[in-house]
Amino acid sequence: MTDHKKLTPRAEDFSSWYNELVQRAELADHSPVRGSMVIRPWGYGIWERMQRQLDDMFKETGHENAYFPLLIPMSFIEREKEHVEGFAPELAVVTQAGGKELEEPYAIRPTSETIIYSMYAKWVQSYRDLPILLNQWANVMRWELRTRLFLRTSEFLWQEGHTAHATPEEAEEETLTMLGVYRTFMEDWMAMPPVTGLKSPTETFAGAVRTYACEALMQDNKALQAGTSHFLGQNFSKQFDLRFQTEAGHEEYAWNTSWGVSTRLIGGLVMTHGDDEGLVLPPRLAPVQAVIVPILRGDDESPVLEKTEEVRKRLSDADVRVKVDAREHLSPGAKYYEWERKGVPYRIEIGPKDLAKGQLALAPRVVPEDGKRKAFVPENEAVAEFPNLLETFQAELLGRAAARRDAASVRGVTSLDELEEAFEQGAGFVYTGWCGDPEVEETVKERTGATIRVLPDEEFRSERAPEKCVSGERAATSEVVWARAY
RNA sequence: CGGGACGUGGCGCAGUCCGGUAGCGCACUGCAAUGGGGUUGCAGGGGUCGCCGGUUCGAAUCCGGCCGUCCCGACCA
């Protein structure tokens, strides 16, 4: 399925570029259901890589997987006041089944806190039954009014971790541990370095005491909330009667956390690394890390094809995910464009000339700062070095993304005028002081379209803590990061 | 959910104002040659024009309703 049309350049229209890329790289397509997408094999392959790695990290931090029902009794969702206010407008509700009206409607889960904690309540008697550390991989539904492939769809895939603890300290620690897991995953696997921190009260999850988040900066300098970790306190345990007997013998409500990332991460991946030719995949998440394109001649193709297969086997044995593209009806150039559009990190060309010289032609998807577009490397060396090349490529992507984020970050802003000016100049993250007043958030949003993304964790904070709130009058109680967001 | 735009083979579009039995490019199929950045020639296949209804002798074209997509806004992972 070749496709000659160029993508709309990012600089011209970032939205069009994104929409075209997602479809033309065959990541996803619109479905007949409003706001719901089909994730195609290439996109799902990336999601599978993400799942595998995250799942390993969850297991390493002591969690187990389980599965809870898709349908949740409406009365459950209505039990936690903040929670129902947050989710009611976007619920899809099942009112009929088996040809009859249901006595109680079921909501299609927008998130599973309520049904999960209702079950935990059955399972927990004593402090010895805690902690419970579960995760589930699931689909959820939020009837969004405005959707975009991967970034906001009515139905999406995610994981949701839900834990119950005997003490607030332990729950808080869990919340921060999982925020750290997400951050590590985004940096080391997605090459998408986020800023992490605490959400302001207005941005806190409906039903949580505190929400922590990973905020990543996209190439259009808008922020993407890429993962959240919530300290729920006893809000849900009190509503669902999740109690336990302490060592001392008295009853207490358990302390909960929940945390999640979704297929939205794939949108983040696209907007972090993609270029005007198409997708660019970090090697650790690429379903195919190298595609071999044999350069075939009409006269005798067999030596080239034999060598191609030999190289494929050698790389595969070195745990490289490699694919041979030997389709005969396409010219090499057409294949190059196709695999570039799909973001494969490396292309390897093998032709008669390479055969004669015992070399391979290696072409990285992104030309390194100091490198060449295509390198001719002796076969043995190329095979031996290939895993390192992939790691270098991975590091290159992270380095570039971090540099972009830092270049688009503005610190030391002390007034609303300066803040407005910074965003007019195209700033990404802007750091200021804040007094904690939600009205300041409202004012800034009206003037600039930006919101507080996080109260940054210590290592992201400015060297000198801001003394005054950006509104000018009151003293700052914390530093905050502003951005326009997805 | 409010404002705007759009919906014609897989993709991109023309045709719609001034109703008269659907067209172009790319892609696709077959054969042959070609093959190191979107290869060429020849021969083919595919669309009841988003859906439903109305007006009319006749509707892609006019009218109404609905659905979907995109952009702006409110809301949101």
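Because the structure is predicted, anything quoted here is derived from the model rather than measured. Here is how names work: the chains are called A, B, and so on, in the same order as the sequence lines, proteins then strands, and each is numbered from 1. Hydrogens, waters and symmetry mates are skipped; everything else that's a heavy atom, side chains included, is used.
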Using the 3.5 Å cut-off, write out each protein N or O paired with an N or O of nucleotides 39-49 of chain B and the distance between them.
residue	atom	partner	partner atom	Å
B:U39	OP1	A:S331	OG	3.3
B:U39	OP2	A:S331	OG	2.3

field: Side chain proximity check, A:W259 to A:E174, heavy atoms < 4.5 angstrom
entry: yes
- request: Please state the P separation for the pair B:C17 and B:G53 - nearest whole angstrom.
  value: 23 Å
Interatomic distance at P, B:C70 relative to B:U8, whole Å: 14 Å
statement: Whichever of A:S15 and A:S262 has the more 5' nearest nucleotide on RNA chain B, that residue is A:S15
- prompt: Of A:L224 and A:G351, whose closest RNA chain B nucleotide lies nearer the 5' terminus?
  reply: A:G351
Phosphate oxygens OP1/OP2 of [N]: is one of them under 4.0 Å from a side-chain N or O of [X]?
X: A:T111; N: B:A77; value: no
X: A:K5; N: B:G10; value: no
X: A:R146; N: B:C72; value: yes

Mind checking whether [X] and [Y] have ring centres under 6.0 Å apart?
X: A:F205; Y: A:F87; value: yes
X: A:F68; Y: A:H162; value: no
X: A:F386; Y: A:Y346; value: yes
X: A:F185; Y: A:Y182; value: no

What is the pairing partner of [N], taking Watson-Crick or G-U wobble pairs with both distances under 3.5 Å in any strand?
N: B:C62; result: B:G54
N: B:G25; result: B:C11
N: B:G73; result: B:C1
N: B:C6; result: B:G68
N: B:A32; result: B:U40

- request: Could you work out which one of B:C71, B:G38, B:G37 sits closest to the side chain of A:K6?
  value: B:G38
Scan side-chain atoms only and decide if [X] and [Y] contain a donor-acceptor pair under the 3.5 Å cut-off.
X: A:S36; Y: A:E155; answer: no
X: A:T196; Y: A:E215; answer: no
X: A:K199; Y: A:Q225; answer: yes
X: A:H230; Y: A:T211; answer: yes
X: A:S200; Y: A:E441; answer: yes

- line: Contacts of A:W137 meeting side chain to side chain contact (heavy atoms under 4.5 Å, CB included) (sequence neighbours excluded), chain-then-number -> A:W47, A:Q51, A:L54, A:D55, A:F58, A:N65, A:N135, A:Q159
- request: Name all residues meeting the side chain to side chain contact (heavy atoms under 4.5 Å, CB included) criterion together with A:R146; count only those two or more places apart in sequence or in a different chain, and write none if there are none.
  value: none
query: Counting N and O atoms only, with roles assigned by atom type, does the side chain of A:Y18 sit under 3.5 Å from a partner on the main chain of A:L149, one being a donor and the other an acceptor?
result: yes
How is [X] classified with respect to the nucleic acid when contacts are heavy atoms under 4.0 Å: base, sugar-phosphate, or nothing?
X: A:R34; answer: sugar-phosphate
X: A:G449; answer: nothing
X: A:T228; answer: nothing
X: A:A226; answer: nothing
X: A:P32; answer: nothing
X: A:N19; answer: sugar-phosphate
X: A:T153; answer: base

Short of 4.0 Å, heavy atom to strand atom, which residues of [range] count as contacting RNA chain B?
range: residues 267-285 of chain A; value: none
range: residues 136-144 of chain A; value: A:R142, A:E144
range: residues 185-217 of chain A; value: none

field: Centroid under 5.5 Å and tilt under 30°, A:Y337 to B:G38
entry: yes
- request: Check if the side chain of A:E349 and the base of B:G37 share a donor-acceptor pair of N or O atoms closer than 3.5 Å.
  value: no
- prompt: Do the numbers put A:R79 on top of the ring of A:F76, so that NZ or CZ is under 6.0 Å from the six-membered ring centre and no more than 45° off the axis?
  reply: yes
